Enquirer: 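Please read through the structure below; I'll follow up with questions.
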Amino acid sequence: MSNKNALSARDRIAALTDENSFVEIGAGVTKRNTDFNMQEKLVPSDGVITGYGLVQNNPVYIYSQDASALNGTIGEMHAKKIVHIYELAVKTGVPVIGLIDCAGIRLQEATDALAGFGQIYRMKAKASGIIPQVSAVFGNCGGGVAIMAAMSDFTFMEKKNAKFFVNAPNTLAGNYTEKLDTASAAFQQESSVIDFTAEGEEEVLSGVRELVSILPGNNNDTAFSDECMDDLNRMTEDLAAEIADPAVALEDIGDNNFFMEVKKEYAKEMVTGFICLDGMTIGAVANRTAQFDENGKTACKYDARLTTAGCNKAVSFIKKCDAFNIPVLTLTNVEGFATTVEEEKTIAEAAAKLAAAFTEADVPKVNLITGNAYGTAYICMNSKHTGADMVFALEGANIGAMDAQVAAKTMYGGDKDADIAAKAAEFAEKTGTGAAAARGYIDAAIEPASARKHLLYAFEMLFSKSGYPISKKHGTI
């Protein structure tokens, strides 16, 4: 790397892991290729340091690519080292963290290096859904290495020096780096691949440590953070003013005001991330209608509508939560679907996948309706009808087929004698929140100030939920 301030591959491991906990595996492994005068080149550890250690007292396997050894390029033995720790991680049910700084394929090893990429892809695909996979990009991550990183569950990227690309900016038709640096964190954080960005390497590593501390070790574990020191009955007095921006509302709801947002810069109308309730990790999916700045003022506004990008963002997150037994909380405030020609090409399929993702997830699922919940867009957002275990509605929330005023105009628009205002009031009364509660479609209407404790207790009661019928020997009646 050209950046003289960059940490070495070993320094990154030391900064990531708990003190003196890292144990290296395969330190003596190096290349065996002799083509293209490779016998004259020294490649310590074949350009990647592998081993295991502790992160926040959680066991992990780690590989850290060494840009000082043939630019960290992936050759035959480099790939075998990564595959080996994946094999060990799957056997032991332990997450894998990849610290990426790699110039790509080692051309001197040609087909052997190419086979190595295939072996890594195969092992990452086999491990998917069994153990969490986290990647952190510090230097180059291009071509096949970018695909490798994208196969992880969560990917971090350092803002200043990291480069992430399948095709380099100068190879894109009509583009060059100075015009638009498509490999930069500024560009990639708006994509669907990069989950977190940070200003420096230490901040990236700190983020990885924080994430690992709240994730389960594998798909048979339960995710818990440290013991909850927050008041289980703490009131959320400001929630009513925060619900337009779920990133703020979720921070208020979570233990110790913790909220770790995932894909923060992508599809901002849909918020995804993690909170903790009584120490239990909860995945949150929420509709956003406003984004507040650091002073609590509205910086951006969004329509209360599902978009293709927002649906896809939510689907990916829900599937990861379900794979690792992480309960899901939804904050719902949606009035319909995005209404543009471009959205019309894709929104049906995206919404279908969203409804399916919520339906198929067998983890505890709780929905808090914070504003409007209209039509089939609401049904797609973790409704009781698609399998939510508990549904709460804040006082003043509206639930129905559509906005009462619009419905009245639709039904009585051709009747000159109709009192539209009166008909709208009648529609709201007969088909709104009260009707939904009477039919059991919502479990309770609650005050915003009591939201935290209601959600916390609901998830505690659902903790032992099983996606499969509980078997028995026989009844006792």
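FYI, side chains are in, hydrogens and waters are out, and symmetry mates aren't considered; it's all heavy atoms of this structure. Computed from a predicted model, the values in this text were never measured in an experiment.
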Enquirer: Should we count CD of E19 as having more than 12 external heavy atoms under 6.0 Å?
Expert: no

Enquirer: Should the heavy atoms of other residues, nucleotides or ligands under 6.0 Å from NZ of K124 be counted, would the total exceed 12?
Expert: yes

Enquirer: Would one find more than 12 heavy atoms of other residues, nucleotides or ligands at under 6.0 Å from atom NZ of K264?
Expert: no

Enquirer: For the CG atom of L329 and the CG atom of L277, what is their distance to the nearest 0.5 Å?
Expert: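 That separation rounds to 7.5 Å.
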
Enquirer: Does the distance from a Lys or Arg side-chain N to an Asp or Glu carboxylate O, for K465 and D362, drop under 4.0 Å?
Expert: no

Enquirer: With side chains defined as the heavy atoms from C-beta onward, is the minimum distance between C276 and I214 less than 4.5 Å?
Expert: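 Yes, their side chains come closer than 4.5 Å.
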
Enquirer: Is the shortest side-chain heavy-atom distance between L456 and M280 below 4.5 Å?
Expert: no

Enquirer: For G93, does its backbone N or O pair with a side-chain atom of N218 as donor and acceptor, under 3.5 Å?
Expert: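 Side chain of N218 to backbone of G93, a donor-acceptor pair under 3.5 Å: yes, one is there.
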
Enquirer: More than 12 foreign heavy atoms under 6.0 Å from CD of E447: is that the case here?
Expert: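 Result for CD/E447: open.
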
Enquirer: What's the separation between atom NZ in K320 and atom CD1 in I326, rounded to the nearest 0.5 Å?
Expert: 11.0 Å

Enquirer: Report yes if the side chains of R209 and D18 come closer than 4.5 Å at any heavy-atom pair, otherwise no.
Expert: yes

Enquirer: CZ of R12 to OG of S64: how many Å apart, nearest 0.5 Å?
Expert: 6.0 Å

Enquirer: State, yes or no, whether a side-chain contact exists between L394 and I446 at a heavy-atom distance under 4.5 Å.
Expert: yes

Enquirer: Kindly give the heavy-atom pair with the smallest separation between L239 and A451, and that separation in Å.
Expert: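 L239 and A451 have their closest heavy atoms at CD2-CB, 3.4 Å.
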
Enquirer: Minimum heavy-atom separation for V193 to A150, with atom names?
Expert: CG1-CB, 4.0 Å

Enquirer: So with a 6.0 Å cut-off around NZ of K159, is the heavy-atom count from everything else above 12?
Expert: yes

Enquirer: Look at atom CD of E460 and say whether more than 12 heavy atoms of other residues, nucleotides or ligands are closer to it than 6.0 Å.
Expert: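 Yes - once you tally the heavy atoms of other residues, nucleotides and ligands closer than 6.0 Å, there are more than 12.
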
Enquirer: Any idea which heavy atoms bring N219 and A323 closest together, and the distance?
Expert: CB-O, 3.3 Å

Enquirer: Shortest non-hydrogen contact from S450 to T236?
Expert: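 Answer, listing the atom of S450 first, then T236: N-OG1, 4.1 Å.
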
Enquirer: Examine K126 relative to Y121 and say whether NZ or CZ is less than 6.0 Å from the centre of the six-membered ring and inside a 45° cone about the ring axis.
Expert: no

Enquirer: I'd like a table of donor-acceptor pairs (distance under 3.5 Å, sequence neighbours excluded) in which one partner is a side-chain atom from residues 297-305, with atom names and distances.
Expert:
residue : atom : partner : partner atom : Å
Y302    : OH   : Q291    : OE1          : 3.2
R305    : NH1  : F337    : O            : 3.1

Enquirer: Set out, in order, the CA-CA distance, both residues' side-chain angles and the distance that settles side chain to side chain contact (heavy atoms under 4.5 Å, CB included) for M461 and F463, then state yes or no.
Expert: CA-CA 6 Å; M461 289 300 295; F463 176 74; over 6 Å; no

Enquirer: Return yes if some donor-acceptor pair links the side-chain N/O of K179 with the main-chain N/O of G174 below 3.5 Å, else return no.
Expert: yes

Enquirer: Are the side chain of K163 and the backbone N or O of G139 linked by a donor-acceptor pair below 3.5 Å?
Expert: no

Enquirer: Using the ring of each side chain (for Trp, its six-membered ring), is Y63 parallel, tilted or perpendicular to Y86, with breaks at 30° and 60°?
Expert: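 Y63 vs Y86 ring planes: tilted.
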
Enquirer: Sub-3.5 Å donor-acceptor pair from the side chain of N256 to the main-chain atoms of F258, do we have one?
Expert: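 Not a single qualifying donor-acceptor pair exists.
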
Enquirer: If every non-hydrogen atom of F274 is compared with every non-hydrogen atom of G283, which pair is closest and at what distance?
Expert: CD2-CA, 4.0 Å

Enquirer: Starting from the C-alpha separation in whole Å, work towards a yes-or-no answer on side-chain hydrogen bond (donor to acceptor under 3.5 Å, both in side chains) for Y378 and N287.
Expert: CA-CA 10 Å; Y378 157 58; N287 305 121; over 6 Å; no

Enquirer: Any heavy-atom pair between the side chains of Y266 and I194 that's under 4.5 Å?
Expert: no

Enquirer: What are the two closest non-hydrogen atoms of E237 and A449, and how far apart are they?
Expert: OE1-CB, 3.7 Å

Enquirer: Does the pair D255 and R452 meet the rule for a side chain to side chain contact (heavy atoms under 4.5 Å, CB included), with working shown?
Expert: CA-CA 9 Å; D255 292 349; R452 169 177 158 79; 3.0 Å; yes

Enquirer: Inspect the contact between K263 and D195 and indicate whether a charged nitrogen and a carboxylate oxygen are less than 4.0 angstrom apart.
Expert: yes

Enquirer: Donor-acceptor pair, T340 side chain versus E343 backbone, under 3.5 Å?
Expert: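 Flag set: sc T340 to bb E343 pair under 3.5 Å.
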
Enquirer: Give every residue pair that meets the salt bridge (Lys or Arg N to Asp or Glu O under 4.0 Å) criterion with at least one member in residues 241-253, sequence neighbours excluded.
Expert: R234-D252, D245-R288

Enquirer: Could you tell me whether the side chain of L354 reaches within less than 4.5 Å of the side chain of I318, counting heavy atoms only?
Expert: yes

Enquirer: Is it the case that the side chain of S191 and the backbone of Q188 share a donor-acceptor pair, with hydrogens and angles ignored and the cut-off at 3.5 Å?
Expert: yes

Enquirer: Using the side chain to side chain contact (heavy atoms under 4.5 Å, CB included) rule, take V315 and F358 through it: C-alpha gap first, then chi angles, then the decisive distance, then the call.
Expert: CA-CA 8 Å; V315 167; F358 275 122; over 6 Å; no

Enquirer: If you measure from CD on Q133 to OG1 on T155, what distance do you get to the nearest 0.5 Å?
Expert: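 With rounding to 0.5 Å, CD (Q133) is 9.5 Å from OG1 (T155).
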
Enquirer: Side-chain contact, heavy-atom cut-off 4.5 Å: L54 with T17?
Expert: no

Enquirer: Where the side chain of D443 meets the backbone of V391, is there a donor-acceptor pair that is under 3.5 Å apart?
Expert: yes

Enquirer: May I ask you to decide if K160's main-chain N or O and E158's side chain share a donor-acceptor pair within less than 3.5 Å?
Expert: yes

Enquirer: Could you walk me through whether N367 and T330 pass the side-chain hydrogen bond (donor to acceptor under 3.5 Å, both in side chains) test, one step at a time?
Expert: CA-CA 5 Å; N367 189 354; T330 313; 4.8 Å; no

Enquirer: Could you measure the distance from the CG atom of N220 to the CG atom of N325? Nearest 0.5 Å is fine.
Expert: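 Nearest 0.5 Å value for the CG-CG distance: 7.0 Å.
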
Enquirer: Taking the six-membered ring for Trp, are F138 and F156 ring centroids under 6.0 Å apart?
Expert: no

Enquirer: Determine, stepwise, if the pair L215 / F324 fulfils side chain to side chain contact (heavy atoms under 4.5 Å, CB included).
Expert: CA-CA 8 Å; L215 291 178; F324 295 114; over 6 Å; no

Enquirer: Are the side chain of S206 and the backbone N or O of E203 linked by a donor-acceptor pair below 3.5 Å?
Expert: no

Enquirer: Would you give the length of the straight line joining atom NE2 of H454 to atom CD1 of I253, rounded to the nearest 0.5 angstrom?
Expert: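 One gets 12.5 Å once the value is rounded to the nearest 0.5 Å.
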
Enquirer: Got a salt bridge between K384 and D389, using NZ or NE/NH1/NH2 to carboxylate O under 4.0 Å?
Expert: no

Enquirer: Do you know which of N312, T307, T308 makes side chain to side chain donor-acceptor pair (under 3.5 Å) with T346?
Expert: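 It is T308, the one option of N312, T307, T308 that forms the side chain to side chain donor-acceptor pair (under 3.5 Å) with T346.
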
Enquirer: Does the side chain of N333 come within less than 4.5 Å of I369's, by heavy atoms?
Expert: no

